[in-house]
There are 4 protein chains.
Amino acid sequence: MKAKDIDLNAVVASIGKEEPAPRKRPFKARCAKTTRQNILKAAREVFSRKGYEGARIEKISKAAKSYDSLIYYYFGSKEKLFVEVLEGAYRDIFEAGQNLPLDENDPEAALRQIIEFPFRYYMAHPEVIVLLGTENLHAGKHISKSSTADQYALPMLTILQSVIDKGIKKGVFRKDVDCEQLYMAITSLGYFYVSNRHTFSAFMNRDLLHPERIEAWAHYISTLLLDSVRKHKTTT
Amino acid sequence: MKAKDIDLNAVVASIGKEEPAPRKRPFKARCAKTTRQNILKAAREVFSRKGYEGARIEKISKAAKSYDSLIYYYFGSKEKLFVEVLEGAYRDIFEAGQNLPLDENDPEAALRQIIEFPFRYYMAHPEVIVLLGTENLHAGKHISKSSTADQYALPMLTILQSVIDKGIKKGVFRKDVDCEQLYMAITSLGYFYVSNRHTFSAFMNRDLLHPERIEAWAHYISTLLLDSVRKHKTTT
Amino acid sequence: MKAKDIDLNAVVASIGKEEPAPRKRPFKARCAKTTRQNILKAAREVFSRKGYEGARIEKISKAAKSYDSLIYYYFGSKEKLFVEVLEGAYRDIFEAGQNLPLDENDPEAALRQIIEFPFRYYMAHPEVIVLLGTENLHAGKHISKSSTADQYALPMLTILQSVIDKGIKKGVFRKDVDCEQLYMAITSLGYFYVSNRHTFSAFMNRDLLHPERIEAWAHYISTLLLDSVRKHKTTT
Amino acid sequence: MKAKDIDLNAVVASIGKEEPAPRKRPFKARCAKTTRQNILKAAREVFSRKGYEGARIEKISKAAKSYDSLIYYYFGSKEKLFVEVLEGAYRDIFEAGQNLPLDENDPEAALRQIIEFPFRYYMAHPEVIVLLGTENLHAGKHISKSSTADQYALPMLTILQSVIDKGIKKGVFRKDVDCEQLYMAITSLGYFYVSNRHTFSAFMNRDLLHPERIEAWAHYISTLLLDSVRKHKTTT
DNA sequence: AATGAATGAGCGTTCATTCAT
DNA sequence: GATGAATGAACGCTCATTCAT
């Protein structure tokens, strides 16, 4: 794909520079990058707060101190803007997951961290919930188009697998752990608490956002899953 | 009047059929209850498919073979209609939960059923996911107004507790089970699989809707949670 | 029409019961008069408060503790209902004018009363202003259809003329008084103060509804017009 | 491009005419000021013809050869548009009043002009009547919000006062003239004739719009009020 | 690239009115 | 005659999007 090569070259050429050189075909001139990013940032906030349908182009452009028409100039449509926001959110969470500082010599401690990570991440970035929720409402039509989607989860799975392997080698973890199921359980237990905090708070008549309750949940789910991969049951 | 006789005959002839005889003016319920329910049913479908903001009053009224204005006649506003739909969905799921046929003498089997229930229910009624998702997007502003919200979950918790108690009495369950945490884990593991099936399918490059995978998940989560309350680890 | 005959029989059978027998031409049964008048009264109030376009059929029917459809049953349309309200208002004001207790022997006092009457009447019944205003907004399309319109003002003009004549005979009034112009001036000076009380209060920065100001205006306009027909100027 | 040349010719040919040359895309102002004024002008016309409630946004936007949405773009709401129309009307009438060419040396002639002015103005601009009528129907809720309302009438009152003062100095006017009452009488007698021309024509069975009758009224009211401030009664 | 006016479809809602029992 | 459900046009307003400078 020609166009892509050019893009790539341009990107490579710009390494080390603050701002890439402008070109005839408006390959984004000087301030463009800033404007684009302002819009993207504003869009992420507005989409997260209101959902796709509830978000207003005007709100986004004003939040970015820019103009409606620039959104179309840079992104083409509301939907395409949303896709970029979505992909940014994906990238962020998976990157954060890969950068977890894990104790190489203590698989149990490392696994506990891995388990708690999604919960703590969603807790800190509840906006992502809305973006993912919107995407699922629309049957994942954007993510399914993306050819790189399955590359996001892979690294995390690899890390999880390597921690499990270390535990097995050390004789503390069972040999038959299904990493994919485990990964999914980890995500479920972290995601749901945040995504349904409002309805569940009402149903259970409990404030799920109370710090102690949050810590209790983090401990509960990590113990639950840790136990499930341990060779021997912890005495409690 | 001839026409009327014919109509009458047609009506008599059509007893037991879905659609009554056509008339010049399209047959209308002329019955508040029927019309209300038609609208409610149509609304549930449309809200579930499109979300609150994406749902169009016109779509709902047409799906109900009714009129926009009747929605306002019966429900007052789009939001109030949504609230009724939402409460109907709550009632349905909690009612279904209470009617689970549980083996009184086998707490482990009973608990497995309880654990799998939300997952299977959401799998069968994925529309509820959208309704709950919308509600959480709007920070639960409707459910928090409802005075009866916390009465929905209570019965389910009671049932869960009684099953746990029986298991404890039989000596198969641990004494320190936290039913609320357990209930939340049950719901999380059932809900997330369905709610995020589209994005997760893409991330994991797996078809989460494949029957075998569904069964595997049901088995995985029930075993996981069952194990977590068992006194002794199952040998594997 | 067969069906109707059957209905009729049923009705005939019920004679002597709570519900009176209907007639072929519905010559309004017992309660009809009350309902009609309730509606009329409610309509006058609502039309007066909101204007024609601002008035809602539903508001009227509810204020009359009746039903929208009964308005159509009794009056045919919103417009026809308005016309009846309008004509009632005309009748009222002209009747009140004719029943003024005038001192037969004191033309000056009598004239002063006549002059002040419209002002005081509109002050007491500002709703009439709105009805007349609406009618004029619509270029008097209802009143112009009414064949009896010119019979409303006539009696008042006659009374005015007779008072003037008495004053002329007594030698206190000028002989060249134009009763029509005078009548129009009387009405103008009484009507405007009430009709434009809100805007004029704002323009003049005065509260036109203050009792003293009202009395001052009544005195001012009566003196003004009385003087204009007097043979000799009053010393002031 | 041929078409364009032709267009140009057409434009040149049409100089001085109402409509500029047509183009493929209908010629649009693309100038906020022009569009705003077009809308304002159209709104004034439609509001005047139909009243506030009777006026339709669509009618206004079409009359302005514009779009509904531009009304909201420029004015925010129907009500705010109405307020601007209203204030424009106020400004116009009070400006016209201030620009009356009055004979400085003939207070009586000057006063006669002042008296006749509102009548003649309303006669020429009956739309203002509807605007003021609407405002009064709504209890002056717009004008009362305007902080500048009382500055409209003030100049006119000042002019009136100065003319009266000159007359007093010349010895032709009485010293105890109440300018506010007089101003109100002037306005009443001018306004009512126009505002109630339709109903009064019907009541009196006279055509109030007949030129002679109009002149007669102008003469009648100016004589009436002039006489009321004169020191000595005119001989008739 | 930035600025802001123009475009037009469509949305939630209201309302006068009619129909059926 | 009373009751209330049904009908359908239209209204004020919003929004994503495009165009012109």
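First the proteins, then the strands, lettered A, B, ... as listed; each starts at 1. Computed from a prediction, not measured in an experiment: that's the story for all the values here.
The CG atom of A:Asn38 sits 14 Å away from the C1' atom of E:dA1 (whole-angstrom rounding). Atom NZ of B:Lys65 and atom C1' of F:dT7 are 17 Å apart (whole Å). When the P atom of F:dA6 is taken as reference, atom NZ of B:Lys33 falls 14 Å away, rounded to whole Å. For the pair B:Ile71 CD1 and F:dA6 C1', the interatomic distance rounds to 13 Å; values are reported in whole Å. Rounded to whole angstrom, the span from the NZ atom of A:Lys80 across to the P atom of F:dA16 amounts to 16 Å. Counting to the nearest Å, the P atom of F:dA16 and the CG atom of A:Leu81 are 11 Å from each other. One atom, CZ of C:Phe75, and another, C1' of E:dT17, lie 16 Å apart when rounded to the nearest Å. Between the OH atom of C:Tyr74 and the C1' atom of E:dT17 there is a distance of 18 Å, rounded to whole Å.
Residue B:Tyr73 is in base contact, counting any heavy-atom pair closer than 4.0 Å across all strands shown.
C:Val46 places none of its side-chain heavy atoms less than 4.5 Å from the side chain of C:Arg56.
Test B:Leu70, B:Val85, B:Leu81 against B:Phe75 for side-chain contact (heavy atoms from CB on, under 4.5 Å) and you get one pass: B:Leu81. The only option from C:Arg44, C:Arg36, C:Lys78 that meets the salt bridge (charged side-chain N to carboxylate O under 4.0 Å, His left out) definition with C:Glu84 turns out to be C:Arg36.
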Given pairs defined as Watson-Crick or G-U wobble with both distances under 3.5 Å, what dot-bracket annotation applies to DNA chain F, with ( ) intrastrand, [ ] crossing, | other strand and . unpaired?
-> .||||||||||||||||||||

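You won't find any donor-acceptor pair under 3.5 Å spanning the side chain of B:Tyr67 and the base of F:dA6, going by distance alone.
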Candidate pair C:Glu87 and C:His142, rule side-chain hydrogen bond (donor to acceptor under 3.5 Å, both in side chains), full reasoning | CA-CA 9 Å; C:Glu87 291 185 342; C:His142 304 123; over 6 Å; no

Can you list the steps and then say if D:Glu79 with D:His138 is a side-chain hydrogen bond (donor to acceptor under 3.5 Å, both in side chains)?
-> CA-CA 12 Å; D:Glu79 193 177 357; D:His138 294 141; over 6 Å; no

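Rounding to the nearest 0.5 Å gives a distance of 4.5 Å between NZ of C:Lys59 and NZ of C:Lys50. Between C:Lys141 atom NZ and C:Glu135 atom CD the span is 8.5 Å, to the nearest 0.5 Å.
Put simply, the side chain of D:Tyr52 never gets that close to the backbone of D:Leu131: no donor and acceptor are under 3.5 Å apart.
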Expected string for nucleotides 9-14 of chain E under the B/S/- scheme (protein heavy atoms, under 4.0 Å, primed atoms plus P, OP1, OP2 as sugar-phosphate) is --SSBB

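Listed nucleotides: E:dA2, F:dG8, F:dA5. Nearest to the side chain of A:Thr35: E:dA2.
Closest heavy-atom contact between B:Ala42 and B:Ile60: CB-O, 3.6 Å.
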